[in-house]
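Worksheet: one structure, shown below.
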Amino acid sequence: MRVINSDGSEPEMCGNGIRCLAKFYAMLTGNGGSRYKVHTLAGLMEPEILPDGQVRVDMGVPVLDGPSVPVTLSPTSDGMVVAQELEVAGSEWTVTAVSMGNPHAVVFSRDGKPIKIDDIDLPSLGPSFENHQEFPARINTEFVEVYNPNHVRMCVWERGAGMTMACGTGACAIVVAGVLEGKLERRCRVDLPGGPLDIEWSTEDSHVFMTGPAELSFAGTVNP
Ligand SMILES: N[C@@H](CCC[C@H](N)C(=O)O)C(=O)O
């Protein structure tokens with residue numbers, strides 16, 4: 001699978017994209033209930049079509065070593081950047097850095113207060129995070145409001161794409177960051193503007209599993 005952001009850049013992985021790819025392939029081949037292996041720039045991913053039509057994806061093991069994400073923020077413990085302070089647009093934000101193959105900055109608080117999604121001005125804040133000097137490969141940024149340790153709401157500014165309705169790798173990054181910050185449990189529902197995803201960070205093998213829908217929205221042909 002290769003993915004192209006709307007600015008023409010090529011990311012390593014796309015969580016929404018891999019659910020759509022698996023569902024579309026199953027529709028074309030009539031292989032409902034199958035499991036696939038998909039090569040991506042972030043490695044081999046394994047989506048599976050569940051009996052209820054949802055797609056569950058083994059998204060692999062998150063990368064937490066700061067320089068490998070990559071971020072240049074000082075590590076807080078064991079090389080990880082967890083709830084590190086970052087000044088952006090005149091506020092102090094806590095940032096946890098997670099790579100799901102692609103880089104994510106997960107933000108749970110601003111100026112010491114928990115994030116309220118309705119207070120986030122994404123179009124003005126997003127580019128300042130995406131292009132911040134601490135993120136040498138630019139970054140996807142997720143702002144997270146915690147309802148309880150198993151349920152959050154998020155909004156996202158994507159690297160190379162801006163404000164989007166959903167980000168599968170971002171939802172995975174949120175749960176990993178929330179566990180590391182002691183805010184979330186390992187199974188968590190993430191409400192995105194486009195709908196919910198269920199995320200689990202396994203204790204057995206440290207893989208992250210994402211479960212969510214993929215629906216046909218249109219069909220057509222492209223005339224290059
Ligand atoms: N913009 C991202 C790639 C796309 C992520 C996607 N929306 C998802 O669902 O994971 C990047 O440049 O890393």
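As the structure lists them, so they are numbered: ligands from 1, and atoms in each ligand from 1.
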Residues pairing under salt bridge (Lys or Arg N to Asp or Glu O under 4.0 Å) where one sits in residues 83-93, two or more places apart or in two chains, turn out to be none

May I have the step-by-step check of ring-ring contact (aromatic ring centres under 6.0 Å, His included) for Trp93 and Phe108, ending in yes or no? CA-CA 8 Å; Trp93 309 79; Phe108 285 95; over 10 Å; no

*asked:* If hydrophobic clusters are built by linking Ile, Leu, Val, Met, Phe, Trp and Tyr wherever their side-chain heavy atoms come under 4.5 Å apart, do Val106 and Ile115 end up in the same one?
replied: no

Within the 4.0 Å heavy-atom cut-off around ligand 1, the contacting residues, ordered by chain and number, are Asn5, Pro11, Met13, Cys14, Gly15, Asn16, Asn102, Asn140, Glu158, Arg159, Ala166, Cys167, Gly168, Thr169

Contacts satisfying salt bridge (Lys or Arg N to Asp or Glu O under 4.0 Å) that involve residues 201-211 (not counting sequence neighbours) are none

Can you tell me how the ring of Tyr147 sits relative to the ring of His151, calling it parallel under 30°, perpendicular over 60° and tilted otherwise?
perpendicular

Sequence neighbours excluded, the answer for side chain to side chain donor-acceptor pair (under 3.5 Å) partners of Thr72 is Glu134

